[in-house]
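Okay, structure first, notes after.
Positions are given from 1, in the same order as the sequence printed here.
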Amino acid sequence: MASCYIILDNASVAVALLFATADEFPYRDPLTVTLEGTNATDVEALHLGSSWTLIYSGPTGIDPARNTYMQQQDFSNTIAFRSYRLLVTSQEGLSNSVQYAEAQILGHV
Ligand SMILES: *[C@@H]1O[C@H](CO)[C@@H](O)[C@H](O)[C@H]1NC(C)=O
C-alpha cells in the first residue's frame, strides 16, 4: 500500500487530517488511511519498522468532487511524535496507484 513518511524538527501532536482530491481518476482516490507516529527519526530505522503507534485509522473524507478539499477528519490524540507515517489502506477502485492532490496533518507543538 502507498505510504509516506514525515520527519519533523520538533515533536508535535497531530489532531486532524485534511485531504484534497486530485484532478482526475476518481478510482485512485484514497478511501481509508492510517496515521502512525514514532519518535525515531533515522530513515533507515523507519523503513525497517520502528515501533509505530497508531493514531488514526478511518476515512479520508474524500468524495467524487475533483480538486477539492474534503471534510477534515478530526481525532483525539495527546501524544507528541517526531515522525509520522501515512498509509493508504483502501482506495475507491481497482488501480495500480493511488492519487490525491494534498494531504495535511494538522496539529500543534
Ligand atoms: C516523543 O517526544 C516528545 C518530545 O520529547 C515527547 O513529549 C513525547 O512523549 C514522545 N512520544 C513518545 C511516544 O514517547
Side-chain angles (χ1 to χ4, degrees):
M1 282 293 164
S3 68
C4 72
Y5 300 105
I6 299 100
I7 303 172
L8 304 171
D9 290 336
N10 297 296
S12 65
V13 181
V15 295
L17 285 170
L18 176 61
F19 281 87
T21 54
D23 60 343
E24 54 183 5
F25 303 129
Y27 54 87
R28 291 182 178 168
D29 289 357
L31 277 186
T32 57
V33 292
T34 58
L35 181 69
E36 299 159 287
T38 178
N39 271 342
T41 55
D42 179 72
V43 174
E44 194 74 11
L46 297 181
H47 280 297
L48 291 175
S50 296
S51 57
W52 294 96
T53 299
L54 185 65
I55 302 168
Y56 176 78
S57 178
T60 55
I62 274 175
D63 82 15
R66 300 293 85 198
N67 276 330
T68 304
Y69 281 112
M70 292 304 155
Q71 175 118 37
Q72 183 175 312
Q73 304 296 307
D74 297 316
F75 46 83
S76 63
N77 170 43
T78 56
I79 306 171
F81 296 98
R82 283 286 307 279
S83 301
Y84 288 92
R85 176 167 70 175
L86 186 64
L87 292 170
V88 175
T89 49
S90 70
Q91 63 187 68
E92 188 72 50
L94 282 177
S95 179
N96 63 0
S97 54
V98 68
Q99 183 180 30
Y100 48 89
E102 199 172 306
Q104 295 185 18
I105 302 171
L106 306 169
H108 56 83
V109 285

Is it true that Phe75 and Tyr84 fall in one hydrophobic cluster, defined by side-chain heavy atoms closer than 4.5 Å? yes
Could you see if Val15 belongs to whatever hydrophobic cluster contains Ile6? Use Ile, Leu, Val, Met, Phe, Trp, Tyr and a side-chain cutoff under 4.5 Å. no
Residues at least two apart in sequence or cross-chain that pass side chain to side chain donor-acceptor pair (under 3.5 Å) with Arg66, listed by chain then number, are Asp29
Minimal non-hydrogen separation, Thr38 against Ser51, with atom names: OG1-O, 3.5 Å
Once you measure the plane-to-plane angle for Tyr100 and Phe19, does it fall in the parallel (<30°), tilted (30-60°) or perpendicular (>60°) bin? perpendicular
Determine whether a donor-acceptor pair (N or O, by modelled atom type, separation under 3.5 Å) exists between the side chain of Glu24 and the backbone of Ala22. no
Considering residues, nucleotides and ligands other than Leu54, do more than 12 of their heavy atoms fall under 6.0 Å from its CG? yes
d(Gln91 CD, Thr60 OG1) to nearest 0.5 Å is 11.0 Å
Please round to the nearest 0.5 Å and tell me the distance separating atom CD1 of Ile7 and atom OG1 of Thr41. 6.5 Å
Nearest heavy atoms of Pro59 and Gln73, plus distance in Å: O-CG, 3.3 Å
Can you give me the closest heavy-atom contact between Ala14 and Leu35, atom names plus distance? CB-CD2, 4.1 Å
Taking salt bridge (Lys or Arg N to Asp or Glu O under 4.0 Å) as the test, write out the residues that go with Glu92, two or more places apart. none
Heavy atoms only: give me the nearest Asp63-Ala65 pair and the separation to one decimal. OD1-N, 2.9 Å
Would you indicate whether Glu102, at its atom CD, is surrounded by more than 12 heavy atoms from other residues, nucleotides or ligands within a distance under 6.0 Å? yes
Considering non-hydrogen atoms only, spot the tightest contact between Ala40 and Leu46 and give its length. O-CD2, 3.7 Å
Shared hydrophobic cluster for Val13 and Leu17 (ILVMFWY, side-chain gaps under 4.5 Å): no
Is the Phe25 ring parallel, tilted or perpendicular to the Tyr27 ring (thresholds 30°, 60°)? tilted
Arg82 side chain vs Leu8 backbone, donor-acceptor pair below 3.5 Å: yes
Locate the shortest heavy-atom distance separating Ala101 from Thr21; write the atom from each residue and the value. CB-O, 3.2 Å
Membership question, hydrophobic clusters at under 4.5 Å side-chain separation (ILVMFWY): are Ile79 and Leu86 in the same one? yes
So how far is it from Ile105 CD1 to Tyr56 OH, rounded to the nearest 0.5 Å? 12.5 Å
According to a 4.5 Å side-chain heavy-atom criterion applied to Ile, Leu, Val, Met, Phe, Trp and Tyr, with indirect links allowed, do Leu18 and Met70 form part of one hydrophobic cluster? no
Pair Ser90-Thr32, side-chain donor/acceptor within less than 3.5 Å: yes
